[in-house]
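Quick notes on the structure that follows.
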Amino acid sequence: MKVQLLRALSDTNIDATQLSSQRQLAISISAVAEQFEQNLPLNLCLILDQSGSMHGKPLKMVIAAVERLLDRLQPGDRISVVAFSGSATVIIPNQIVEDPESIKIQIRKKLQASGGTVIAEGLQQGITELMKGTRGAVSQAFLLTDGHGEDSLKIWKWEIGQDDSRRCLEFAKKAAKINLTINTLGFGNNWNQDLLETIADAGGGTLAHIERPEQAVHHFNRLFARVQSVGLTNAYLMLSLAPQVRLAELRPIAQVAPDIIELPVEPEADGTFIIRLGDLMKDENRVVLANLYLGKLPEGQQVIGNVQVRYDNPSLNEEGLLSQIWPIYANVMQAYQADFDPHVHQSILTLAKYRQTQLAETKLRQGDRSGAATMLQTAAKTALQIGDNNAATILQTSATRLQAGEKLSNADLKKTRIVSKTVLQSF
(Lines give C-alpha, C1' and ligand atoms only; values in the text may rest on other atoms or scores of the structure.)
Protein backbone atom coordinates (compact mmCIF):
# COMPACT_ATOMS: atom_id res chain seq x y z
CA MET A 1 0.00 0.00 0.00
CA LYS A 2 1.34 3.43 -0.90
CA VAL A 3 0.26 7.06 -0.93
CA GLN A 4 -0.96 8.76 -4.08
CA LEU A 5 -0.92 12.55 -4.08
CA LEU A 6 -1.96 15.05 -6.74
CA ARG A 7 -1.64 18.82 -6.37
CA ALA A 8 -2.79 21.76 -8.46
CA LEU A 9 -3.06 25.54 -8.15
CA SER A 10 -6.25 27.40 -9.00
CA ASP A 11 -4.11 29.25 -11.57
CA THR A 12 -0.59 27.95 -12.21
CA ASN A 13 0.46 31.20 -13.91
CA ILE A 14 1.55 34.13 -11.74
CA ASP A 15 1.91 37.76 -12.83
CA ALA A 16 5.56 38.72 -12.33
CA THR A 17 4.63 42.42 -12.08
CA GLN A 18 2.31 41.92 -9.08
CA LEU A 19 3.61 42.46 -5.55
CA SER A 20 1.10 39.96 -4.18
CA SER A 21 -1.06 37.17 -5.65
CA GLN A 22 -3.60 34.83 -4.08
CA ARG A 23 -3.98 31.21 -5.12
CA GLN A 24 -5.79 28.13 -3.84
CA LEU A 25 -3.83 24.90 -3.72
CA ALA A 26 -5.83 21.66 -4.03
CA ILE A 27 -4.15 18.50 -2.73
CA SER A 28 -5.78 15.12 -3.39
CA ILE A 29 -4.56 12.17 -1.28
CA SER A 30 -5.52 8.50 -1.34
CA ALA A 31 -4.11 5.04 -0.66
CA VAL A 32 -3.18 2.88 -3.63
CA ALA A 33 -3.26 -0.89 -3.24
CA GLU A 34 -0.43 -2.86 -4.76
CA GLN A 35 -1.10 -6.20 -6.42
CA PHE A 36 -3.00 -8.84 -4.38
CA GLU A 37 -3.29 -6.68 -1.25
CA GLN A 38 -6.26 -7.60 0.96
CA ASN A 39 -8.57 -5.34 2.95
CA LEU A 40 -7.26 -4.43 6.38
CA PRO A 41 -8.81 -6.06 9.46
CA LEU A 42 -11.46 -3.87 11.07
CA ASN A 43 -11.74 -2.93 14.73
CA LEU A 44 -15.20 -1.39 15.14
CA CYS A 45 -17.07 -0.09 18.15
CA LEU A 46 -20.77 0.72 17.94
CA ILE A 47 -21.75 3.32 20.55
CA LEU A 48 -25.54 3.23 20.62
CA ASP A 49 -28.11 5.45 22.27
CA GLN A 50 -30.65 3.41 24.24
CA SER A 51 -32.42 6.33 25.94
CA GLY A 52 -36.19 6.25 26.33
CA SER A 53 -36.78 8.19 23.12
CA MET A 54 -35.30 5.28 21.13
CA HIS A 55 -38.08 2.93 22.31
CA GLY A 56 -39.96 0.89 19.71
CA LYS A 57 -39.25 1.14 15.98
CA PRO A 58 -36.11 3.35 16.26
CA LEU A 59 -34.22 0.80 18.39
CA LYS A 60 -35.54 -2.14 16.34
CA MET A 61 -34.22 -0.58 13.11
CA VAL A 62 -30.86 0.21 14.71
CA ILE A 63 -30.57 -3.42 15.82
CA ALA A 64 -31.41 -4.52 12.26
CA ALA A 65 -28.66 -2.25 10.92
CA VAL A 66 -26.16 -3.65 13.44
CA GLU A 67 -27.07 -7.23 12.47
CA ARG A 68 -26.57 -6.44 8.79
CA LEU A 69 -23.16 -4.96 9.61
CA LEU A 70 -22.19 -8.07 11.58
CA ASP A 71 -23.02 -10.19 8.53
CA ARG A 72 -20.50 -8.18 6.48
CA LEU A 73 -17.56 -8.58 8.86
CA GLN A 74 -14.72 -10.83 7.75
CA PRO A 75 -12.64 -13.38 9.69
CA GLY A 76 -10.19 -11.47 11.87
CA ASP A 77 -12.41 -8.39 12.23
CA ARG A 78 -13.17 -7.18 15.74
CA ILE A 79 -16.37 -5.73 17.21
CA SER A 80 -17.47 -4.10 20.45
CA VAL A 81 -20.80 -2.53 21.39
CA VAL A 82 -21.42 0.12 24.03
CA ALA A 83 -24.94 1.27 24.97
CA PHE A 84 -25.68 4.52 26.79
CA SER A 85 -28.64 6.31 28.33
CA GLY A 86 -28.28 7.91 31.78
CA SER A 87 -25.07 5.89 32.06
CA ALA A 88 -23.07 3.67 29.72
CA THR A 89 -22.38 -0.05 29.68
CA VAL A 90 -20.34 -2.39 27.50
CA ILE A 91 -22.75 -5.00 26.17
CA ILE A 92 -20.28 -6.63 23.74
CA PRO A 93 -16.63 -6.41 24.89
CA ASN A 94 -13.99 -6.00 22.18
CA GLN A 95 -13.54 -9.38 20.50
CA ILE A 96 -12.75 -11.12 17.24
CA VAL A 97 -16.01 -11.98 15.50
CA GLU A 98 -16.22 -15.77 15.56
CA ASP A 99 -19.93 -16.33 16.21
CA PRO A 100 -22.02 -13.44 14.76
CA GLU A 101 -25.33 -15.10 15.69
CA SER A 102 -24.37 -15.25 19.36
CA ILE A 103 -23.44 -11.55 19.29
CA LYS A 104 -26.80 -10.72 17.67
CA ILE A 105 -28.66 -12.57 20.42
CA GLN A 106 -26.79 -10.65 23.12
CA ILE A 107 -27.53 -7.31 21.42
CA ARG A 108 -31.26 -8.06 21.10
CA LYS A 109 -31.36 -9.12 24.74
CA LYS A 110 -29.32 -6.30 26.26
CA LEU A 111 -30.34 -3.21 24.24
CA GLN A 112 -33.30 -1.80 26.17
CA ALA A 113 -34.56 1.75 25.70
CA SER A 114 -34.95 3.81 28.89
CA GLY A 115 -33.44 6.77 30.71
CA GLY A 116 -31.60 9.94 29.65
CA THR A 117 -28.76 10.70 27.25
CA VAL A 118 -25.19 10.99 28.56
CA ILE A 119 -23.23 10.77 25.32
CA ALA A 120 -19.77 11.35 26.82
CA GLU A 121 -20.00 8.25 29.00
CA GLY A 122 -20.71 6.12 25.95
CA LEU A 123 -17.93 7.74 23.94
CA GLN A 124 -15.41 7.24 26.75
CA GLN A 125 -16.22 3.54 27.10
CA GLY A 126 -16.26 3.10 23.33
CA ILE A 127 -12.76 4.52 23.02
CA THR A 128 -11.59 2.22 25.82
CA GLU A 129 -12.96 -0.82 23.96
CA LEU A 130 -11.43 0.26 20.64
CA MET A 131 -8.00 0.59 22.23
CA LYS A 132 -8.02 -3.16 22.97
CA GLY A 133 -7.82 -4.11 19.28
CA THR A 134 -5.91 -1.42 17.42
CA ARG A 135 -2.83 -3.40 16.37
CA GLY A 136 -2.75 -3.94 12.60
CA ALA A 137 -6.36 -2.81 12.17
CA VAL A 138 -8.55 0.11 11.08
CA SER A 139 -10.11 1.35 14.31
CA GLN A 140 -13.34 3.33 14.01
CA ALA A 141 -16.41 4.04 16.11
CA PHE A 142 -20.01 4.63 15.03
CA LEU A 143 -21.66 6.93 17.58
CA LEU A 144 -25.45 7.02 17.19
CA THR A 145 -27.82 9.23 19.18
CA ASP A 146 -31.22 10.86 18.83
CA GLY A 147 -30.75 13.45 21.55
CA HIS A 148 -28.63 16.14 23.17
CA GLY A 149 -25.90 15.67 25.72
CA GLU A 150 -26.66 16.83 29.23
CA ASP A 151 -25.35 20.27 30.22
CA SER A 152 -23.85 21.19 33.55
CA LEU A 153 -25.84 23.41 35.89
CA LYS A 154 -24.35 26.87 36.51
CA ILE A 155 -25.22 28.78 39.65
CA TRP A 156 -23.54 32.19 39.69
CA LYS A 157 -19.83 31.37 39.11
CA TRP A 158 -19.99 27.73 40.13
CA GLU A 159 -20.51 24.87 37.70
CA ILE A 160 -22.37 21.87 39.12
CA GLY A 161 -22.10 18.57 37.28
CA GLN A 162 -20.26 17.80 34.08
CA ASP A 163 -20.85 19.40 30.67
CA ASP A 164 -21.50 16.43 28.37
CA SER A 165 -20.77 18.34 25.15
CA ARG A 166 -17.40 19.62 26.34
CA ARG A 167 -16.38 16.14 27.49
CA CYS A 168 -17.43 14.66 24.13
CA LEU A 169 -15.16 17.07 22.28
CA GLU A 170 -12.25 16.29 24.61
CA PHE A 171 -12.71 12.54 24.05
CA ALA A 172 -12.94 12.97 20.26
CA LYS A 173 -9.67 14.92 20.20
CA LYS A 174 -7.97 12.30 22.36
CA ALA A 175 -9.26 9.55 20.06
CA ALA A 176 -7.71 11.24 17.03
CA LYS A 177 -4.36 11.50 18.80
CA ILE A 178 -4.27 7.73 19.32
CA ASN A 179 -5.34 6.95 15.73
CA LEU A 180 -9.03 6.25 16.37
CA THR A 181 -11.73 7.65 14.07
CA ILE A 182 -15.15 8.71 15.36
CA ASN A 183 -18.15 8.79 13.01
CA THR A 184 -21.46 10.22 14.22
CA LEU A 185 -25.03 9.39 13.22
CA GLY A 186 -27.87 11.68 14.23
CA PHE A 187 -31.11 9.70 14.54
CA GLY A 188 -34.42 11.50 13.93
CA ASN A 189 -34.59 15.30 14.03
CA ASN A 190 -33.91 16.29 17.64
CA TRP A 191 -30.19 15.58 17.97
CA ASN A 192 -27.61 18.29 18.55
CA GLN A 193 -26.16 18.99 15.11
CA ASP A 194 -23.42 21.28 16.40
CA LEU A 195 -22.24 18.63 18.86
CA LEU A 196 -22.27 15.67 16.45
CA GLU A 197 -20.55 17.66 13.71
CA THR A 198 -17.87 18.81 16.15
CA ILE A 199 -17.27 15.25 17.37
CA ALA A 200 -17.01 13.88 13.82
CA ASP A 201 -14.73 16.70 12.66
CA ALA A 202 -12.42 16.40 15.67
CA GLY A 203 -12.47 12.60 15.42
CA GLY A 204 -11.61 12.58 11.71
CA GLY A 205 -14.89 10.91 10.80
CA THR A 206 -18.11 11.74 9.01
CA LEU A 207 -21.54 13.01 10.09
CA ALA A 208 -24.70 11.23 8.91
CA HIS A 209 -28.39 11.99 9.37
CA ILE A 210 -30.82 9.09 9.79
CA GLU A 211 -34.03 11.04 9.32
CA ARG A 212 -36.34 8.00 9.40
CA PRO A 213 -35.78 4.68 11.25
CA GLU A 214 -35.89 2.64 8.02
CA GLN A 215 -32.83 4.56 6.74
CA ALA A 216 -30.59 3.14 9.49
CA VAL A 217 -29.46 0.12 7.46
CA HIS A 218 -28.51 2.32 4.49
CA HIS A 219 -26.39 4.69 6.55
CA PHE A 220 -24.64 1.88 8.46
CA ASN A 221 -23.85 0.19 5.12
CA ARG A 222 -22.52 3.43 3.63
CA LEU A 223 -20.25 4.07 6.60
CA PHE A 224 -19.11 0.45 6.66
CA ALA A 225 -18.14 0.60 2.97
CA ARG A 226 -16.01 3.67 3.66
CA VAL A 227 -14.28 2.02 6.61
CA GLN A 228 -13.68 -1.14 4.60
CA SER A 229 -11.90 0.86 1.88
CA VAL A 230 -9.26 2.28 4.26
CA GLY A 231 -5.75 1.32 3.19
CA LEU A 232 -3.51 3.54 5.34
CA THR A 233 -4.09 5.18 8.71
CA ASN A 234 -2.93 8.05 10.90
CA ALA A 235 -1.96 10.19 7.91
CA TYR A 236 -0.61 13.73 8.26
CA LEU A 237 -0.04 16.22 5.46
CA MET A 238 3.21 18.16 5.81
CA LEU A 239 3.29 21.43 3.88
CA SER A 240 6.36 23.63 3.58
CA LEU A 241 6.32 26.94 1.72
CA ALA A 242 8.97 29.08 0.03
CA PRO A 243 10.01 32.29 1.85
CA GLN A 244 7.83 34.48 -0.40
CA VAL A 245 4.73 32.32 0.17
CA ARG A 246 2.44 32.24 3.21
CA LEU A 247 -0.83 30.71 4.36
CA ALA A 248 -3.90 32.88 4.82
CA GLU A 249 -4.38 33.87 8.46
CA LEU A 250 -8.08 32.98 8.74
CA ARG A 251 -9.22 29.39 8.08
CA PRO A 252 -6.26 28.68 5.76
CA ILE A 253 -6.87 24.96 5.15
CA ALA A 254 -10.04 22.90 4.78
CA GLN A 255 -10.91 19.41 3.62
CA VAL A 256 -13.46 19.61 0.79
CA ALA A 257 -13.95 15.90 0.05
CA PRO A 258 -15.34 13.45 0.96
CA ASP A 259 -16.81 15.79 3.61
CA ILE A 260 -16.05 19.40 4.37
CA ILE A 261 -14.04 19.99 7.55
CA GLU A 262 -12.20 23.12 8.66
CA LEU A 263 -8.82 21.59 9.46
CA PRO A 264 -6.56 22.82 12.29
CA VAL A 265 -2.98 23.63 11.29
CA GLU A 266 0.00 22.97 13.56
CA PRO A 267 3.18 24.95 12.68
CA GLU A 268 6.50 23.22 13.36
CA ALA A 269 9.71 24.95 14.47
CA ASP A 270 11.20 24.57 10.96
CA GLY A 271 8.23 26.36 9.38
CA THR A 272 6.46 23.21 8.16
CA PHE A 273 2.69 23.07 8.61
CA ILE A 274 1.19 19.80 9.88
CA ILE A 275 -2.41 18.88 9.04
CA ARG A 276 -4.01 15.67 10.29
CA LEU A 277 -5.84 13.68 7.60
CA GLY A 278 -6.62 10.48 9.49
CA ASP A 279 -7.45 7.38 7.45
CA LEU A 280 -6.71 7.23 3.71
CA MET A 281 -9.14 5.29 1.52
CA LYS A 282 -8.42 3.32 -1.61
CA ASP A 283 -11.42 4.40 -3.66
CA GLU A 284 -12.14 7.90 -2.36
CA ASN A 285 -9.76 10.84 -2.30
CA ARG A 286 -9.28 13.21 0.59
CA VAL A 287 -9.11 16.62 -1.04
CA VAL A 288 -7.57 19.48 0.93
CA LEU A 289 -7.73 23.13 -0.12
CA ALA A 290 -5.08 25.61 1.09
CA ASN A 291 -5.39 29.38 0.69
CA LEU A 292 -1.99 30.85 -0.25
CA TYR A 293 -0.59 34.36 -0.69
CA LEU A 294 2.46 34.74 -2.92
CA GLY A 295 4.83 37.70 -2.87
CA LYS A 296 6.74 39.00 -5.89
CA LEU A 297 8.62 36.14 -7.56
CA PRO A 298 11.30 36.03 -10.27
CA GLU A 299 10.21 35.11 -13.77
CA GLY A 300 10.18 31.45 -14.81
CA GLN A 301 9.06 28.18 -13.22
CA GLN A 302 9.37 28.44 -9.45
CA VAL A 303 9.00 25.92 -6.62
CA ILE A 304 6.68 27.67 -4.17
CA GLY A 305 6.48 24.78 -1.70
CA ASN A 306 6.60 21.06 -1.06
CA VAL A 307 4.15 18.49 0.31
CA GLN A 308 4.78 15.15 1.96
CA VAL A 309 2.63 12.64 3.82
CA ARG A 310 3.45 10.81 7.06
CA TYR A 311 1.34 7.71 7.67
CA ASP A 312 1.00 4.24 9.21
CA ASN A 313 0.65 0.99 7.25
CA PRO A 314 -1.30 -1.41 9.52
CA SER A 315 -0.93 -4.33 7.11
CA LEU A 316 2.83 -4.34 7.82
CA ASN A 317 2.60 -2.95 11.38
CA GLU A 318 4.71 0.00 10.23
CA GLU A 319 4.31 3.47 11.75
CA GLY A 320 5.58 6.93 10.88
CA LEU A 321 6.33 6.15 7.24
CA LEU A 322 7.16 9.05 4.92
CA SER A 323 6.05 9.42 1.33
CA GLN A 324 8.16 11.01 -1.36
CA ILE A 325 8.31 14.81 -1.42
CA TRP A 326 6.17 16.45 -4.09
CA PRO A 327 7.14 19.99 -5.21
CA ILE A 328 4.51 22.65 -5.96
CA TYR A 329 5.28 24.63 -9.09
CA ALA A 330 4.14 28.06 -10.26
CA ASN A 331 4.86 29.64 -13.64
CA VAL A 332 5.79 33.30 -13.14
CA MET A 333 5.17 35.30 -16.34
CA GLN A 334 6.06 38.83 -17.40
CA ALA A 335 3.16 38.79 -19.85
CA TYR A 336 0.58 37.12 -17.62
CA GLN A 337 -2.12 34.88 -19.08
CA ALA A 338 -4.58 33.10 -16.82
CA ASP A 339 -4.60 29.30 -16.72
CA PHE A 340 -7.47 28.39 -14.41
CA ASP A 341 -7.85 24.79 -13.25
CA PRO A 342 -11.56 23.73 -13.40
CA HIS A 343 -11.11 20.97 -10.80
CA VAL A 344 -9.65 23.37 -8.24
CA HIS A 345 -12.43 25.85 -9.05
CA GLN A 346 -14.94 23.08 -8.25
CA SER A 347 -13.29 22.58 -4.85
CA ILE A 348 -13.38 26.32 -4.16
CA LEU A 349 -17.11 26.44 -4.87
CA THR A 350 -17.72 23.34 -2.73
CA LEU A 351 -16.08 25.04 0.24
CA ALA A 352 -17.94 28.28 -0.53
CA LYS A 353 -21.28 26.43 -0.35
CA TYR A 354 -20.41 25.21 3.15
CA ARG A 355 -19.21 28.57 4.43
CA GLN A 356 -22.20 30.41 2.96
CA THR A 357 -24.53 27.99 4.73
CA GLN A 358 -22.60 28.42 7.98
CA LEU A 359 -22.99 32.19 7.70
CA ALA A 360 -26.73 31.73 7.07
CA GLU A 361 -27.03 29.65 10.25
CA THR A 362 -25.16 32.32 12.23
CA LYS A 363 -27.52 35.03 10.95
CA LEU A 364 -30.52 32.88 11.80
CA ARG A 365 -29.30 32.40 15.39
CA GLN A 366 -28.87 36.19 15.61
CA GLY A 367 -32.47 36.70 14.52
CA ASP A 368 -31.58 38.05 11.06
CA ARG A 369 -34.05 35.95 9.05
CA SER A 370 -33.72 38.11 5.93
CA GLY A 371 -29.93 37.86 5.95
CA ALA A 372 -30.11 34.10 6.55
CA ALA A 373 -32.49 33.68 3.60
CA THR A 374 -30.19 35.69 1.33
CA MET A 375 -27.16 33.59 2.28
CA LEU A 376 -29.09 30.34 1.77
CA GLN A 377 -30.08 31.54 -1.71
CA THR A 378 -26.44 32.30 -2.42
CA ALA A 379 -25.45 28.82 -1.21
CA ALA A 380 -28.17 27.29 -3.41
CA LYS A 381 -26.78 29.08 -6.46
CA THR A 382 -23.28 27.87 -5.58
CA ALA A 383 -24.60 24.30 -5.28
CA LEU A 384 -26.10 24.59 -8.77
CA GLN A 385 -22.73 25.75 -10.13
CA ILE A 386 -21.08 22.53 -8.92
CA GLY A 387 -23.95 20.34 -10.11
CA ASP A 388 -25.23 19.51 -6.61
CA ASN A 389 -28.92 19.86 -7.53
CA ASN A 390 -30.18 18.07 -4.43
CA ALA A 391 -28.41 20.54 -2.14
CA ALA A 392 -29.60 23.46 -4.26
CA THR A 393 -33.22 22.36 -3.84
CA ILE A 394 -32.95 21.94 -0.07
CA LEU A 395 -31.10 25.24 0.44
CA GLN A 396 -33.51 27.20 -1.77
CA THR A 397 -36.53 25.62 -0.06
CA SER A 398 -35.22 26.74 3.34
CA ALA A 399 -34.56 30.23 1.99
CA THR A 400 -38.09 30.46 0.56
CA ARG A 401 -39.63 29.39 3.87
CA LEU A 402 -37.71 32.06 5.75
CA GLN A 403 -38.77 34.69 3.22
CA ALA A 404 -42.40 33.62 3.69
CA GLY A 405 -42.10 34.20 7.43
CA GLU A 406 -42.02 30.51 8.32
CA LYS A 407 -39.75 28.97 10.93
CA LEU A 408 -37.34 26.25 9.84
CA SER A 409 -38.11 22.91 11.47
CA ASN A 410 -35.50 20.71 13.12
CA ALA A 411 -35.60 18.52 10.00
CA ASP A 412 -34.97 21.55 7.76
CA LEU A 413 -31.99 22.62 9.85
CA LYS A 414 -30.52 19.10 9.85
CA LYS A 415 -30.84 18.74 6.06
CA THR A 416 -29.34 22.17 5.51
CA ARG A 417 -26.31 21.28 7.63
CA ILE A 418 -25.78 17.89 5.97
CA VAL A 419 -26.03 19.13 2.37
CA SER A 420 -23.58 21.92 3.16
CA LYS A 421 -20.95 19.37 4.24
CA THR A 422 -21.33 16.66 1.60
CA VAL A 423 -23.34 15.45 -1.36
CA LEU A 424 -26.62 14.04 -0.02
CA GLN A 425 -27.50 10.70 -1.56
CA SER A 426 -31.07 9.90 -2.54
CA PHE A 427 -32.51 6.49 -1.68
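Note that these values count all heavy atoms, side chains included, but never hydrogens, waters or copies made by symmetry.
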#### Entry: Distance-only donor-acceptor check, side chains T12 and D339, under 3.5 Å
no

### Query
Below 4.5 Å, heavy atoms only, C-beta onward: do P213 and F187 meet side chain to side chain?
yes

### Task
Report yes or no: does K414 contribute a side-chain atom to a donor-acceptor pair with the main-chain N or O of W191 at less than 3.5 Å?
yes

### Task
Give a yes or no answer on whether the side chain of H209 reaches the backbone of G188 with a donor-acceptor pair at less than 3.5 Å.
yes

### Message
Take a 6.0 Å sphere around NZ of K282 and say whether it holds more than 12 heavy atoms from other residues, nucleotides or ligands.
### Response
yes

### Task
For the pair E101 and K104, find out whether any cationic side-chain nitrogen is under 4.0 Å from an anionic carboxylate oxygen.
yes

### Query
Is the closest basic N to carboxylate O distance between D77 and R72 below 4.0 Å?
no

### Message
Could you measure the distance from the CD1 atom of I275 to the CD1 atom of I253? Nearest 0.5 Å is fine.
### Response
3.5 Å

### Task
Give, for atom CG of N317 and atom CG of D312, the distance between the pair rounded to the nearest 0.5 Å.
10.0 Å

### Query
Which distance, rounded to the nearest 0.5 Å, do you find between the CG of L292 and the CD of Q24?
8.0 Å

### Query
Should I91 and Q106 count as side-chain neighbours, where that means a heavy-atom distance under 4.5 Å?
no

### Query
Are D194 and R417 close enough for a salt bridge, meaning some N to O gap below 4.0 Å?
yes

### Task
Locate the shortest heavy-atom distance separating L111 from I63; write the atom from each residue and the value.
CD1-CG1, 3.8 Å

### Test applied, side-chain contact (heavy atoms from CB on, under 4.5 Å); reference residue, I328; option that passes from L239, V303, N306
L239

### Task
Could you tell me whether a side-chain N or O of Q255 sits under 3.5 Å from a main-chain N or O of D259, the two making a donor and an acceptor?
yes

#### Entry: R167 and E170 ion-paired at < 4.0 Å
no

### Query
At what distance, to the nearest 0.5 angstrom, does CG of L195 lie from CD of E197?
10.5 Å

### Task
Could you check if a side-chain atom of M238 sits within less than 4.5 angstrom of a side-chain atom of L322, using non-hydrogen atoms only?
yes

#### Entry: Ionic contact status for R276 with E266, cut-off 4.0 Å
no

### Message
A quick test of your reading: do over 12 heavy atoms of other residues, nucleotides or ligands sit less than 6.0 Å from CZ of R365?
### Response
yes

### Query
Can you check whether M54 reaches L144 side chain to side chain, under 4.5 Å on heavy atoms?
yes

### Task
Decide yes or no for V309 and V307: does some side-chain heavy atom of the first lie under 4.5 Å from some side-chain heavy atom of the second?
no

#### Entry: Under 3.5 Å: donor-acceptor pair, side chain of N43, backbone of G133
yes

### Query
Are Q124 and T128 linked by a side-chain donor-acceptor pair shorter than 3.5 Å?
no

### Query
Does the side chain of N331 come under 3.5 Å of the side chain of Q301 through a donor N or O and an acceptor N or O?
no

### Message
Under a 3.5 Å distance rule, please check whether Q308 uses its side chain to pair with a backbone N or O of S323 as donor and acceptor.
### Response
yes

### Task
Verify the distance criterion only: is there a donor paired with an acceptor across the side chains of D201 and T198 at less than 3.5 Å?
no

### Task
Enter the distance from N389:CG to I386:CD1 here, rounded to the nearest 0.5 Å.
10.0 Å

### Query
Has K132 got more than 12 heavy atoms of other residues, nucleotides or ligands less than 6.0 Å from its NZ?
yes

### Any donor-acceptor N or O pair under 3.5 Å, side chains Q140, D279
yes

### Task
Taking N313 for its side chain and E318 for its backbone only, find out whether a donor-acceptor pair lies under 3.5 Å.
no

### Atom pair CD (E268) and OG (S240), whose distance is rounded to the nearest 0.5 Å
11.5 Å

### Message
Tell me whether E214 contacts the main-chain N or O of R212 through its side chain, where contact means a donor paired with an acceptor under 3.5 Å.
### Response
no

### Query
Do other residues, nucleotides or ligands put more than 12 heavy atoms under 6.0 Å from Q324 CD?
yes

### Query
Could you walk me through whether F224 and L73 pass the side-chain contact (heavy atoms from CB on, under 4.5 Å) check?
CA-CA 9 Å; F224 182 81; L73 294 176; 3.5 Å; yes

### Query
Between N390 and D388, is any pair of side-chain heavy atoms under 4.5 Å apart?
yes

### Task
State, yes or no, whether a side-chain contact exists between I107 and L48 at a heavy-atom distance under 4.5 Å.
no

### Message
Can you confirm whether R68 is buried at CZ, in the sense that more than 12 heavy atoms of other residues, nucleotides or ligands lie under 6.0 Å from that atom?
### Response
no

### Query
Are the side chain of N410 and the backbone N or O of N190 linked by a donor-acceptor pair below 3.5 Å?
no

### Message
Main chain of T206, side chain of N183: is a donor-acceptor contact present, judged purely on distance under 3.5 Å?
### Response
yes

### Main-chain N/O of Q358 paired to T362 side chain as donor or acceptor, under 3.5 Å
yes

### Task
Assess the side chains of Q356 and T382: does a donor N or O sit below 3.5 Å from an acceptor N or O?
yes

## Note on the structure
Of V217, L185, N189, the one forming a side-chain contact (heavy atoms from CB on, under 4.5 Å) with I210 is L185

### Query
Hey, are the side chains of R355 and R251 touching, using non-hydrogen atoms and a 4.5 Å cut-off?
yes

